Amino acid sequence: MEGLRLNLNALKPAAPKSDAVEATAKRKAKAKTAEPIEESWRKIFAMKLSDADRKRVTEVKAAMDAGKLARDPADCVNKAGNPKAFSKAEALRLWKTLQEAQREETLRQMVENTPNNYELITTEERFQALIDALNNEEIIAVDTETTGVDVYTDVIVGLSLTLPNADWHVYIPVEHVDCEQLSRAYVLEGLAPVFNDESIGKVLHNAIFDIAMLRRHGFDLKGVAWDTMTAMHLLNENESDRALGGAGSFKLKDLAPKYLKTPADTFDALFGRNAQFKEVPLDIALVYAAKDTELTWKLYEFQRYHMAKIPTILDYYQTVEIPLLYVIVDLEANGYILDLDFAKEYGEKLHKRAEELRKELVAELTPFHEGDEPINLNSTHQMRPALSKAIGKDLSNMDAKKTLKPLKDDYEIIAKLLEYKNIVKLSGTYIDTLPTKQNPTTERWHSRFNPMGTVTGRFSSGKDEEDKTQQGFNVQNQPPEARPMFGPPPGKLLVGADFKAQEIRCVAYLSGEPVLINAFLEERDPYATMASNFYKRPHEEVYKNADGSDTKERKKMKVAWLATLYGMSDYSLADMLGVGKKEATEFKEELFGSMPKLSAWLKENEEFVRKNGYVWADLNARKRRLPDAKLPRKNIPYGKWNDPKYDDARKHNSRINRALRQATNARVQGSSSIQTKVTMIKAHEYCANKPGWALWSTVHDELIFEVPEDFTWEEAQEIRDIMLNSYRWGDVVPNGTDIEVMRKWGEGVPVEEWFKNKEAV
DNA sequence: CATAACGGGCGC
DNA sequence: ATAGGCGCCCGTTATG
């Protein structure tokens, strides 16, 4: 019928058509010819694709080109019966089909090709043979399979071990479904003597997880000798950056293909995203789990060989990063207690005020807002034009600090908006959100501390990559308003100890600058000294406020000084100090002109990284690789600085400039992080010998302890000693520390005052 | 409806 | 000319 009607219509004289109708007809006519698939692929690959999507569509194309995969005929035409072009969405659907088919085949082949030296341990007899064999090993590889990544709630369902001397790789299921196996209690009891034996070294990938998991079941894993994940960070901190030739991540499954030339499928790819390992049939579980420890072992041998060629790094790794793993397990497990009443009360206060402000702001901005929906105050996209009109001034962005703050005294609406944004941030990220992250098992809050979370060696803090429970949070960026939510357990206090001017002391030491060194030897505060000079006000006026906190001026000087040191432009510096560009330039010249040795050191760092493509942290313990620093500069002719033709050249050169700025910063930040880590190990040892003591937290340049209420002055001096003497800047620059006592985080009194008050009572 | 990019903002 | 370093996380927007 369709065709007949069309034919009839075709006989009629063509009616005059409007342009729009004609355009639609053209589109329809065009759609009737199928777009060649090569053209579709070209379009898909020209799109902005995530790494994961790019990998997927590439796999699909390969399978289709090889004739292993074809389009679903149902997808080739649309509802009107016209040919439908091949799309990214369809490619991704095909990827799932491909995955499924490949998964089955891969699993079948894996089982078929199970190596002869892989063994499933399910009987007491074979388990005893394993224990006997373990006693002939100096070092083994260990891995646990679990129900999830919550180390306080999830359980171990199996363990794999690699015994290098015996050339034997085993998997011991302990809680798989529907199979004969040994019990977890029996297996862990049996392995305990080996796990407790420090003389038998253990190699793991991400040891923190397995140590914590075993501890959750009441067992220690002593003698960890190597962690292939953290070691990889030292050997190549850029590994997750594919643009720099990295494997894309620090996962074993990504490292194995790159360094061992062994393909390895991820858990998700083999079993699906939400699969439970305990439901995996044992023949498959064996070949997957035993391969994990075998790969870990091989990666260890590879890493060990390469790290041995840089003995300073090997020594640092073994004496600092390895012992630190145990410190972190304790730190994370100790966790936090939150004052939920405080959070609730404060949260309600914030909501009430936010709602008042929201109503007023919406009412005031609606006349300037285009669109049917009410204006969304959280949308910079909607707010920038509306607010610009409201104040009659074109705003280039909605940056609170740079754009809005300077206008807040002139426009009440901006002052209101700033208060509103402040509250939304505070309640949304901290006050309302943190209380939802309590761990159901321990009833405490546990954040993660990743000792290799940054390219420079600092800790990062947050949630686990695989965490589906959303319990993780960053303890290192809690604002002052949120800190009082955190407190010590009943009967205890918090004691905070920071490294006074840690990075600037580090600079003094690394550069050998006498002006700085002398300031520290004479116990002068360098920032207050600089602030006093700059603002032309007495030292004591710009040093500390009456309550002991830093003055605005000193804080500003601290940030400005460090920023300048790390290459901030005069333009930005002027912005930050709230002065003109000329004044900023003079400040900088005065600052560095008076310290020639420091200036020379900055230049040396640039020259070194330009020549070598990396820089060293203190004692050559760690490298920061900056390959961009070695790139040759591209020429931009004089007078062409704004020419879009040279955009690429500008981009290229700015990568080089960035690497040069990173060079000095990496040396300072990297060296300082080493100081903090070494000191943490000492602090942890100290706490281990004192009942009721624990390391509570760390925020880059400070350690916080949890101590009993009867904490003494002598103990405060021992903390001071730990801070001052665990890691010294070559005995050239002394360390400094301020110690304070807190009942709530962030509400501390100096330790001297604390004990003076105590005496008075 | 999921994922990723983006703008913005908190810490040292 | 460009315009401090190192992180993590939120809400919005773009995308298929």
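Residue numbers start from 1 in every chain, and the chains themselves are labelled A, B, ... in the order their sequence lines are given, proteins ahead of strands. Note that the coordinates shown come from a computational prediction; the quantities given were computed from them, not determined experimentally.
- Distance from the side chain of A:T429 is smallest for C:dC10 among the nucleotides C:dG7, B:dC12, C:dC10.
- At a threshold of 4.0 angstrom between heavy atoms, the contacts of A:P637 with the nucleic acid are absent.
- In the model, A:D618 has a side-chain atom that pairs as donor or acceptor with a side-chain atom of A:Y509 under 3.5 Å.
- Across all strands shown, A:Q669 has heavy atoms under 4.0 Å from base atoms, whether or not it also approaches the sugar-phosphate.
- The side chain of A:R483 sits closest to B:dG11 out of B:dG8, B:dG11, C:dA3.
- Of all nucleotides listed (C:dT2, B:dC10, B:dC12), C:dT2 comes nearest to the side chain of A:R650.
- Side-chain atoms of A:P480 lie closest to B:dG11 of the nucleotides C:dT2, B:dG11, C:dG5.
- Using a 4.0 Å cut-off, some side-chain N or O of A:Q382 falls inside it from OP1 or OP2 of C:dT13.
- The distance from atom CZ of A:R667 to atom P of C:dG4 is 22 Å, rounded to the nearest whole Å.
- Atom CG in A:D575 sits roughly 9 Å away from atom C1' in C:dA3 (whole-Å rounding).
- Look at A:N376 and you'll find a side-chain N or O under 4.0 angstrom from OP1 or OP2 of C:dT12.
- Counting to the nearest Å, the P atom of C:dC9 and the CD atom of A:Q476 are 11 Å from each other.
- For A:L565 and B:dC12, the CG to C1' distance is 15 Å, given to the nearest whole Å.
- When distances run from any side-chain atom of A:T380 to the nucleotides C:dG4, B:dG8, B:dC12, the shortest one goes to B:dG8.
- Comparing C:dG5, B:dG9, B:dC10 by their nearest atom to the side chain of A:K421 picks out B:dG9.
- Dashed line: the shortest gap from a side-chain N or O of A:N378 to OP1 or OP2 of C:dT12 is under 4.0 Å.
- For C:dT13, the OP1/OP2 oxygens have a side-chain nitrogen or oxygen of A:S379 closer than 4.0 Å.
- Minimum interatomic distance between A:R384 and A:L395 (heavy atoms only, all atoms of both residues): NH1-O, 2.7 Å.
- An OP1 or OP2 oxygen of C:dC6 is reached within less than 4.0 angstrom by a side-chain nitrogen or oxygen of A:Q662.
- Atom-to-atom, NZ of A:K405 to P of B:dG8 comes out at 17 Å; the value is rounded to the nearest Å.
- Between A:Q478 atom CD and C:dC9 atom P the separation is 11 Å, expressed in whole Å.
- Checked against A:N735 for a side-chain hydrogen bond (donor to acceptor under 3.5 Å, both in side chains), the options A:Q502, A:K500, A:Q675 give a single hit: A:Q675.
- The side chain of A:T433 contributes no N or O atom lying less than 4.0 Å from OP1 or OP2 of C:dC9.
- When each of A:L565, A:T664, A:V733 is paired with A:V507, the side chain to side chain contact (heavy atoms under 4.5 Å, CB included) condition holds for A:L565 and for no other.
- OP1 and OP2 of B:dG11 both lie 4.0 Å or more from every side-chain N or O belonging to A:R458.
- On a pure distance criterion of 3.5 Å, no polar donor-acceptor pair joins the side chain of A:N474 and the base of C:dC8.
- Distances shorter than 4.0 Å separate none of the side-chain N or O atoms of A:R658 from OP1 or OP2 on C:dA3.
- Within 4.0 Å of A:A400, counting heavy atoms only, lie sugar-phosphate atoms of the nucleic acid but no base atom.
- Side-chain atoms of A:H381 lie closest to C:dA14 of the nucleotides C:dG4, C:dA3, C:dA14.
- When ring centroids are compared, A:W696 and A:Y336 come within the 6.0 Å threshold.
- In this structure, A:S461 reaches the sugar-phosphate backbone alone: every heavy-atom distance under 4.0 Å involves primed, P, OP1 or OP2 atoms, never a base.
- At whole-Å resolution of the value, CZ in A:F473 and P in B:dG11 are 16 Å apart.
- A ring-ring contact (aromatic ring centres under 6.0 Å, His included) with A:F608 holds for exactly one of A:Y614, A:W601, A:W616; it is A:Y614.
- Taking every heavy atom of both residues into account, A:K677 and A:E321 meet most closely at NZ-OE2, 2.8 Å.
- Taking atom CG of A:N477 as the reference point, atom P of C:dG7 lies 14 Å away to the nearest angstrom.
- Among the protein residues, A:V455 comes within range of the sugar-phosphate backbone only, with heavy atoms under 4.0 Å from sugar or phosphate atoms but none that close to a base.
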